[in-house]
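Computed over heavy atoms, backbone and side chain alike; hydrogens, waters and symmetry mates excluded. Position 1 is the first residue of the sequence; numbering continues from there.
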Amino acid sequence: MSLDGVEQRPSDSPYVERIYRAGQAAVAPSRMRSIANSNWELVVWSDRGETHVAVRGPETSPTVLDLGPGEGETLGIIFRHGAYLAPMPVSGLVDTAVTSPHTTARSFVLQGEEWETPGYDNADVFVDRLVRAGLLIRDPLVTDVLRGEVPTLVTPRSVQRRVAAATGLTQGAIRQIERARQAVMLLGQGMAAIEVVQRVGYHDQPHLARSLTRFTGRTATQLRRASADEVLSLLYKTEVAVHP
């Protein structure tokens, strides 16, 4: 079962992978299973009348979050591989989050500066301001490499360093996570496990099973079976090449 009550859209910005917002669902599940993901994001959420802002890094394993009755609206800006905050290395954000020390409904503090709190409709404008201020930068080589392109003027070791610096993860870890996420989407569409194995490049069904357990904490059968009590975190197709 996918995350209910979510509106999402792609972005024309080379820095942004996805923008989403989630409101209180009519029938709210009691928990959310956040499966592994290889992108970092900026999240704005309201809870019991208070606004919070955090930069959340890539997640290398699944976590289960309790969804209490006080949960309010949430906005997320998911950044593309290769985009990162210059003074905040992504390597230090893996499997953790940094919360803004001061937030209101209209503004928050990021890296010692006050910024207007973005909304769903002006998130791209907010990102442009970060870029103009020199706070958000991008290494296009990282994006190209993860798409499957092979650079000719950069050594493999240099590529590895640049991918790790911009994403906090290795190329191998990113591809493993993205393969598992694509498998979850295909299983959710009703595709047979053996066909999923062939589609996203697993060696065999045991390989698929190990990957799903590691990155989602669920089996293929469990992922197909909808649950009213638990939803999965947001899933979306990225440009990362996952085939061996």
Student: Not counting sequence neighbours, which residues clear salt bridge (Lys or Arg N to Asp or Glu O under 4.0 Å) with E50? List them please.
Tutor: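 Residues passing salt bridge (Lys or Arg N to Asp or Glu O under 4.0 Å) with E50: none at all.
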Student: Is it the case that one hydrophobic cluster holds both V196 and L232, taking links as side-chain heavy atoms less than 4.5 Å apart, direct or via other members?
Tutor: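 In one cluster with V196: L232, yes.
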Student: Hey, what's the ring geometry for Y202 with H207, parallel, tilted or perpendicular (30° and 60° as the breaks)?
Tutor: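 If you compare the ring of Y202 with that of H207, the planes turn out perpendicular.
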Student: For L235 and I35, work out which heavy atoms get closest and say how close.
Tutor: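 Nearest heavy atoms, L235 then I35: CD2-CD1, 3.4 Å.
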Student: Between D124 and R9 (salt bridge meaning N to carboxylate O under 4.0 Å), is one present in this structure?
Tutor: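 Counted as a salt bridge, because a side-chain N and a carboxylate O are separated by less than 4.0 Å.
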Student: Nearest heavy-atom pair of E116 and F126: which atoms, and what distance?
Tutor: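 Of all heavy-atom pairs spanning E116 and F126, the closest is O-CD1, 3.8 Å.
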Student: Give me each pair satisfying salt bridge (charged side-chain N to carboxylate O under 4.0 Å, His left out) with a member in residues 150-163, each pair once, sequence neighbours excluded.
Tutor: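 Matches after skipping sequence neighbours: D139-R162.
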Student: Can you sort out the partners of R138 under side-chain hydrogen bond (donor to acceptor under 3.5 Å, both in side chains), two or more places apart, ordered by chain and number?
Tutor: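 side-chain hydrogen bond (donor to acceptor under 3.5 Å, both in side chains) check on R138 returns nothing, list empty.
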Student: Can you find a pair of side-chain heavy atoms, one from F215 and one from R181, that are under 4.5 Å apart?
Tutor: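 With C-beta onward as the side chain, the pair stays apart.
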Student: Could you pull out all donor-acceptor pairs under 3.5 Å where a side-chain atom in residues 92-100 meets a protein atom, sequence neighbours excluded?
Tutor:
residue, atom, partner, partner atom, Å
D95, OD1, T60, N, 2.8
D95, OD1, T60, OG1, 3.2
D95, OD2, T60, OG1, 2.7
S100, OG, H102, N, 3.4
S100, OG, H102, O, 3.0
S100, OG, V109, N, 3.1
S100, OG, V109, O, 2.7

Student: V150: which residues meet the side chain to side chain contact (heavy atoms under 4.5 Å, CB included) condition with it, sequence neighbours left out?
Tutor: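 Per chain and number, V150 pairs via side chain to side chain contact (heavy atoms under 4.5 Å, CB included) with no residue.
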Student: Excluding sequence neighbours, so at least two apart, what forms side chain to side chain contact (heavy atoms under 4.5 Å, CB included) with R106?
Tutor: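 T104.
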Student: Who pairs with T170 by side-chain hydrogen bond (donor to acceptor under 3.5 Å, both in side chains), at least two apart in sequence or on another chain?
Tutor: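 So T170 forms no side-chain hydrogen bond (donor to acceptor under 3.5 Å, both in side chains) with any residue.
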Student: State which residues pass salt bridge (Lys or Arg N to Asp or Glu O under 4.0 Å) with D128; sequence neighbours excluded, sorted by chain then number.
Tutor: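 Salt bridge (Lys or Arg N to Asp or Glu O under 4.0 Å) check on D128 returns nothing, list empty.
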Student: Looking at residues at least two apart in the chain, or sitting in another chain, which of them share a side chain to side chain contact (heavy atoms under 4.5 Å, CB included) with E114?
Tutor: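 So E114 forms a side chain to side chain contact (heavy atoms under 4.5 Å, CB included) with S107.
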Student: Tell me every residue that passes side chain to side chain contact (heavy atoms under 4.5 Å, CB included) with Q182, counting only those two or more places apart in sequence or in another chain.
Tutor: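 Partners of Q182 by the side chain to side chain contact (heavy atoms under 4.5 Å, CB included) criterion, ordered by chain and then number, come out as M185, V200, K237, V242.
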Student: Side-chain donor-acceptor contacts of residues 76-87 below 3.5 Å, not counting sequence neighbours, with atom names and distances?
Tutor:
residue, atom, partner, partner atom, Å
R80, NE, V16, O, 3.0
H81, NE2, S38, O, 3.4
H81, NE2, S38, OG, 2.8

Student: Could you name each residue pair satisfying salt bridge (charged side-chain N to carboxylate O under 4.0 Å, His left out) that touches residues 51-62, not counting sequence neighbours?
Tutor: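 For residues 51-62: E41-R56.
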